[in-house]
Amino acid sequence: MSATPRYRFAPSPTGYFHVGGARTALYNWLLALKNNGTFVLRIEDTDESRNEPQWTQGIIDALAWIGIDSNDPHFEGPYFQSTYAAEHVAAAHRLFEEGKAYYCDQTTEQIQERAKAAGLNGYDGFSRDRKLGPGPGHVLRFRVPEGKTIVNDTVRGSVEFENSTIEDFVLLRGNGTPVFLIANVVDDITMNITHVVRAEEHLPNTPKQQMLWEALGHTPPVWAHVPVLVNEQRKKLSKRRDKVAVEQYREEGILPEAMVNYLMTLGWAPSGDTEIVPLQKIQDEFRLEDVNHSPAFFDIKKLLSFNGEYIRLMSHDAFIAAANEVLTSSAATWSADRYKPEVFAAMAPLVQTRVAVMSEVVAMVDFLFLAEPPIDDAAFAKAFGSDFAVPTLSEISKAFETVEWNAESIKVAVETIGNQHDVKLGKLQGPLRVAITGRTVGPPLFEPIELLGRVESQRRIRAALVRAAG
RNA sequence: GGCCCCAUCGUCUAGUGGCCUAGGACACUACCCUCUCAAGGUAGCGGCACGGGUUCGAAUCCCGUUGGGGCUGCCA
């Protein structure tokens, strides 16, 4: 038994990184850090039909994003399962030589037919004693022993399987290549894995793998099966129907800290009355024994709420830096030369409390950088629907010619006009806001007006007035 | 169908036989604050699936029912 625990994360490279995988990886990673163990990354790339080398880099990048750093001393790998194919086959052959596995020539159709006729399901062990040798189309099957298999699971306690309900499963395909069950076990054995922490969907595989560990002469690892993540229909999160790609959340401006914190509150919770907590506290407190047993709904709304909170927690400078990144990216709707970082910096505090994801800052400040911000028709109709709109805006326009150009004076000037017309500032600012920003809602108005300057503000107000007249 | 897992507010959870007239968070509602919208503050709504046991005492232990979910490939 090795002195330090060795955990592993073994994704198959399928093109994107699943949030469920991210959570499983996080569990393993945190446990490795907490127990001064090792996190082994193994890419299970044995399904040649859907195996693309660039996916591997995607996985490493996604792991890095959630804080699992491949340069950290606790990180080991990546290993590639495909490079160990010879070992997998050798292990299977050893099992055959020891009589623990046997060859079978039955096709799927034949197996199904016999099962149907017998009123049973699955493979019935037809070839167990036929003493077949290897050959084209012959699969190697594991001879499931009699008795029962008890899986000791850190999350679920002990789970008992009657071996008679487990069919003699395939180890080697008809073409001689190994399947997942044996490849996974052989790799775990050679990599000295001590703890297998994975999603609950693997629980039915576990008795089979445990039998393989034992048949191969090794003590099985500590198992832990964590509940799956589900959608609002309570079905396992699926690539087809659900938004599961970590990369997509990253692009939309979810902060990694928020994602990590949120993921860790699914099936588990830190002590105390607050869920937004430092990663260190999570690392200190997290225990597999405390993980819930039932599936958890991946609630994007709550994720967004966490993210908004993390955005507000950022320092002034950090927020500006993060915002600058999206404002100078392809997400920007203006031509790059019109962007003025110092203008945004002045606005930053006003937008920081108003966005839940970083991508939202674009629409929050676009009117400052767009030469001609589009005016939403519905917004215009709403703002100019009242009879005070045009007269007050005209007066505002006049007042803007002479008012001292700073946010506070501008506000006072507008407020004064409101008083004369007996219209509260809250209503009065509507038409002005639409004229300036094109929208009915947005950050506080007078600061950006100051930033925009007298001339441009006047121009926009006049344009709106013309539109209202026409 | 078979095997396995699960069951506290709509959702995520705290709770490990008395501290529970069940706590927090998201969402929702109302009010306060307020130049719109947010943020913030206050209050509110809302739950131990059901039925039997065990016990002086059960959300917590046992059994059953019901309801969910996972697996059931020569995918991983």
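Both backbone and side-chain heavy atoms feed into the values below; hydrogens, waters and symmetry mates do not. Below, read A as the first sequence line, B as the second, and so on, with proteins coming before strands; counting in each chain starts at 1.
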Using the [atom1] atom in both, what is the distance from [N] to [M], to the nearest Å?
| N | M | atom1 | result |
| --- | --- | --- | --- |
| B:rU54 | B:rC61 | C1' | 8 Å |
| B:rG24 | B:rC9 | P | 16 Å |
| B:rG57 | B:rC20 | C1' | 13 Å |
| B:rA76 | B:rC37 | C1' | 48 Å |
| B:rC62 | B:rA7 | P | 11 Å |
| B:rU8 | B:rG47 | C1' | 6 Å |
| B:rG2 | B:rA14 | C1' | 37 Å |
| B:rA27 | B:rA59 | P | 31 Å |

Can you tell me the distance, in whole Å, between the [atom1] atom of [X] and the [atom2] atom of [N]?
| X | N | atom1 | atom2 | answer |
| --- | --- | --- | --- | --- |
| A:His88 | B:rC74 | NE2 | P | 19 Å |
| A:Arg354 | B:rA38 | CZ | C1' | 5 Å |
| A:Trp268 | B:rU8 | CH2 | C1' | 19 Å |
| A:Glu160 | B:rC5 | CD | C1' | 14 Å |
| A:Asn307 | B:rC12 | CG | P | 20 Å |
| A:Met264 | B:rA25 | CE | P | 21 Å |
| A:Phe306 | B:rU11 | CZ | P | 17 Å |
| A:Trp55 | B:rA76 | CH2 | C1' | 17 Å |

Non-hydrogen side-chain atoms of [X] and [Y] separated by less than 4.5 Å:
| X | Y | answer |
| --- | --- | --- |
| A:Phe297 | A:Leu266 | no |
| A:Ile449 | A:Leu432 | yes |
| A:Trp223 | A:Val197 | no |
| A:Glu167 | A:Asp124 | no |

Between A:Tyr262 and A:Phe298, does the ring pair (Phe, Tyr, Trp, His ring centres under 6.0 Å) criterion hold? Intermediate values first, please. CA-CA 9 Å; A:Tyr262 176 64; A:Phe298 185 78; 5.6 Å; yes
Using a strict 4.0 Å threshold on nitrogen-to-oxygen distance, state whether A:Arg156 and A:Glu200 make a salt bridge.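 Counted as a salt bridge, because a side-chain N and a carboxylate O are separated by less than 4.0 Å.
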Ring-plane angle category for A:Phe380 and A:Phe384, please: parallel below 30°, perpendicular beyond 60°, tilted otherwise.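 The rings of A:Phe380 and A:Phe384 lie parallel, inter-plane angle below 30°.
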Plane angle bin for A:His202 and A:Phe180 - parallel if under 30°, tilted between 30 and 60°, otherwise perpendicular: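 Tilted: the ring planes of A:Phe180 and A:His202 meet at 30° to 60°.
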Near RNA chain B, under 4.0 Å by heavy atom, which residues of residues 136-147 of chain A?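 RNA chain B contact set from residues 136-147 of chain A: A:Gly137, A:Val139.
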Would you jot down, in residue-number order, the residues of residues 416-437 of chain A having a non-hydrogen atom under 4.0 Å from RNA chain B?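 Those residues are A:Leu425, A:Gly426, A:Gln429, A:Arg433.
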Could you tell me whether [X] contacts a base, only the sugar-phosphate backbone, or nothing, with contacts defined as non-hydrogen atoms closer than 4.0 Å?
| X | result |
| --- | --- |
| A:Pro207 | nothing |
| A:Thr353 | base |
| A:Leu266 | sugar-phosphate |
| A:Gln81 | sugar-phosphate |
| A:Arg439 | nothing |
| A:Glu447 | base |
| A:Gln106 | base |
| A:Gly272 | nothing |
| A:Glu275 | base |

Apply the test side chain to side chain contact (heavy atoms under 4.5 Å, CB included) to residues A:Ile461 and A:Phe400: give CA-CA distance (whole Å), side-chain angles for both, the deciding distance (0.1 Å), then the verdict. CA-CA 10 Å; A:Ile461 292 169; A:Phe400 275 17; 3.6 Å; yes
Does the structure show a Watson-Crick or G-U wobble partner for [N], both distances under 3.5 Å? Name it, or say none.
| N | result |
| --- | --- |
| B:rA7 | B:rU66 |
| B:rG18 | B:rC56 |
| B:rG1 | B:rU72 |

So for atom CG, which belongs to A:Asn175, do other residues, nucleotides or ligands contribute more than 12 heavy atoms lying within a distance under 6.0 Å?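 Yes.
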Name the residue closer to the 5' end of RNA chain B, choosing between A:Glu162 and A:Phe446 according to the nucleotide with the nearest heavy atom.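 Per heavy-atom nearest nucleotide, the more 5' residue is A:Glu162.
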First encountered from the 5' end of RNA chain B, between A:Phe161 and A:Thr274: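 Whichever sits nearer the 5' end wins; that is A:Phe161.
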Closer than 4.0 Å, any side-chain N/O of A:Asn292 to the OP1 or OP2 of B:rA14?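 Answer yes for this pair, as a side-chain N or O of A:Asn292 is under 4.0 Å from OP1 or OP2.
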Respond yes when some side-chain nitrogen or oxygen of A:Thr440 is under 4.0 Å from OP1 or OP2 of B:rU36, and no when none is.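 Result: no.
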Select one nucleotide: of [options], the one nearest the side-chain heavy atoms of [X].
| X | options | answer |
| --- | --- | --- |
| A:Glu44 | B:rC12, B:rC74, B:rA76 | B:rA76 |
| A:Phe297 | B:rC12, B:rC74, B:rA7 | B:rC12 |
| A:Ser305 | B:rC6, B:rC4, B:rA27 | B:rA27 |
| A:Ala269 | B:rU36, B:rC3, B:rU13 | B:rU13 |

Is the distance between the ring centroids of [X] and [Y] less than 6.0 Å?
| X | Y | value |
| --- | --- | --- |
| A:Phe388 | A:His421 | no |
| A:Phe142 | A:Tyr102 | no |
| A:Tyr27 | A:Phe286 | yes |

Take nucleotides 67-72 of chain B nucleotide by nucleotide from the 5' end and write B, S or -, depending on whether a protein heavy atom sits under 4.0 Å from the base, only from the sugar-phosphate, or from neither. --SBS-
What distance do A:Met211 atom CE and A:Asn163 atom CG have between them, rounded to the nearest 0.5 Å?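 Answer for the CE-CG pair, A:Met211 versus A:Asn163, is 5.0 Å.
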Please state whether the base of B:rA25 and the side chain of A:Lys302 form at least one donor-acceptor pair under 3.5 Å?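 Indeed, a donor on one side and an acceptor on the other fall under 3.5 Å apart.
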Classify the side chain of A:Lys301 and the base of B:rC26 as holding, or not holding, a donor-acceptor pair under 3.5 Å.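 No, no donor-acceptor pair under 3.5 Å.
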Can you name the nearest heavy-atom pair linking A:Pro227 to A:Val291, along with the distance?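 Heavy atoms only, the tightest pair is CD-CG1, 3.8 Å.
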Verdict with reasoning, A:Lys281 to A:Ser271, per side chain to side chain donor-acceptor pair (under 3.5 Å): CA-CA 9 Å; A:Lys281 177 178 165 76; A:Ser271 66; 3.1 Å; yes
